[in-house]
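Let me begin by presenting the structure, written as structure tokens, before commenting on it.
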Amino acid sequence: MIPVMRPWFGPEEQEAVAEVIASGWVAQGPRVAEFERGFAEAVQAGHGVAVSSCTTALHLCLVLAGVGPGDEVIVPSLSFIATANVVRHAGAEPVFADIDPATGNLTAKTIEAVLTPRTKAVILVHQAGVPADVDEVRAAHPGLVLVEDAACAAGSTYKGRPVGAGAGLAAWSFHPRKLLTAGEGGMITLMDGEVAARARRLREHGMSVSAADRHAKGVTTPEQYLEVGFNYRMTDLQAAVGIVQLGRLAEMVARRRALAARYHRLLADIPGLRMVADPEHGTTNYQSFWVALPEDFPMGRDDLLAFLATHGVSARRGIMAAHLEPAYAGKVNAELPATEWLTANSLILPLFHTMTEAEQDQVARALHAAAAG
Ligand SMILES: *Cc1c(COP(=O)(O)O)cnc(C)c1O
């Protein structure tokens with residue numbers, strides 16, 4: 001069975017983890033600090049604050065922005081459900097906006113449609129790695145806090161710079177379903193040093209001096225707990241893997257883009273099939289290679305997934321829509337026609353670093369067989 005995704009590891013990751021274990025310090029420590037510096041530099045951000053996941057990174061971004069009860073936060077329904085959940089974690093209310101069906105992303109216009117006097121922030125997702133038009137949203141809605149959900153977008157570019165370059169608040173994921181993985185893990189990148197310092201405290205119970213600094217520098221004065229914080233720490237075990245993976249990122253993106261270009265050639269003759277592609281304003285890392293079926297395709301999306309499985313291809317339904325899940329049942333702020341169309345008619349094809357051309361040909365053959373009826 002050809003998997004939809006498979007992480008790319010070498011012996012370097014194993015050695016990095018073994019070194020951390022040998023050092024005797026496995027919790028948040030020097031490797032986390034090194035990963036933060038390297039990642040922030042790679043995405044041209046001022047600071048990186050490593051945390052336990054993108055979900056906790058997003059939650060912390062909302063806390064840092066002062067989002068709380070009584071506030072509304074605009075999010076795409078078409079996203080992994082964590083994008084909406086973190087708004088509830090912050091005590092605020094998610095408001096679902098529709099997307100541009102070409103990119104899967106919010107636009108200034110779809111945000112406009114659900115604005116209210118209580119709107120405090122927007123979580124702009126770079127969905128499946130396709131960069132959202134950040135400048136357009138910021139220019140149209142200067143009064144809103146902008147949090148970028150860049151969970152999928154490590155290695156994507158926007159107007160010639162990395163996604164996240166200069167971002168006020170951006171959140172990243174290192175779950176194995178993403179390009180760069182540390183097993184689990186997340187990162188906040190941001191420009192403001194004081195906010196970064198507060199984020200570092202908040203991820204560690206609000207402590208005035210981190211446990212790692214206490215250990216490394218022999219701090220003996222008792223720490224203070226300056227505000228109510230969280231345990232959102234990353235471990236040095238994860239960071240050691242993340243550092244090695246960061247060194248592989250450029251190669252991973254190049255390989256994915258080459259395989260994606262090959263999919264575009266192999267599937268171009270299936271009538272009406274739409275494939276995820278670069279938008280005008282940037283490039284995608286092809287975190288997920290999604291295709292959307294034309295109305296007259298001989299079988300429905302779910303039947304096609306079953307058909308592909310019988311041909312040795314493990315594909316997935318397209319990006320989910322949170323407002324259609326029981327957790328958000330009955331929550332409707334606006335009609336979401338593009339979201340509902342894309343989630344119902346799209347699927348994600350296998351794409352991973354070590355995928356062979358023969359495997360990709362097998363996927364293409366199975367799709368052609370389905371298209372032929
Ligand atoms: C994967 C993902 C998340 C959650 O990331 P975790 O690190 O698993 O918490 C959030 N938003 C989007 C868009 C994602 O794809």
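Fair warning: this is a prediction, and the values are worked out from it, not measured in the lab. Just follow the structure's listing: the first ligand is 1, and inside any ligand the first atom is 1. Both backbone and side-chain heavy atoms feed into the values below; hydrogens, waters and symmetry mates do not.
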Inset, instruction - Step by step, work out the salt bridge (Lys or Arg N to Asp or Glu O under 4.0 Å) result for Glu251 and Arg248. - result: CA-CA 5 Å; Glu251 202 182 330; Arg248 299 187 192 278; 5.9 Å; no
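- Between Cys54 and ligand 1, at least one pair of N/O atoms sits closer than 3.5 Å.
- Between the side chains of Gln245 and Glu13, at least one donor-acceptor pair of N or O atoms lies under 3.5 Å.
- Applying the ring-ring contact (aromatic ring centres under 6.0 Å, His included) test to pairs two or more places apart or on separate chains, those with a residue in residues 8-43 are Trp8-His353, Trp25-His215, Phe35-Phe174, Phe39-Trp172, Phe39-Phe174.
- Between the side chains of His126 and Tyr158, no donor-acceptor pair of N or O atoms lies under 3.5 Å.
- The distance criterion of under 3.5 Å between nitrogen or oxygen atoms is met by Asp149 with respect to ligand 1.
- With a 4.0 Å cut-off on non-hydrogen atoms, Thr55 touches ligand 1 through its backbone as well as its side chain.
- Which parts of ligand 1 touch Val125 is read off a 4.0 Å heavy-atom cut-off, strictly below it: atoms 13 (C).
- Contact atoms of ligand 1 toward Ser53: 7 (O), 9 (O) (distance under 4.0 Å to a heavy atom of the residue).
- No N or O atom of Gln127 sits closer than 3.5 Å to an N or O atom of ligand 1.
- Atoms of ligand 1 lying under 4.0 Å from any heavy atom of Ser79, numbered from 1 in the order shown and given with element: 13 (C).
- For residues 247-273, the pairs satisfying ring-ring contact (aromatic ring centres under 6.0 Å, His included) are Tyr263-Phe289, His264-Phe289, with sequence neighbours left out.
- With Arg257 as the fixed residue, the side-chain hydrogen bond (donor to acceptor under 3.5 Å, both in side chains) test singles out one of Asn285, Asp278, Thr284, Thr283: Asp278.
- At a heavy-atom distance under 4.0 Å, only side-chain atoms of Cys152, from C-beta outward, approach ligand 1.
- When the options Met187, His126, Lys178 are ranked by their closest heavy atom to atom 1 (C) of ligand 1, first place goes to Lys178.
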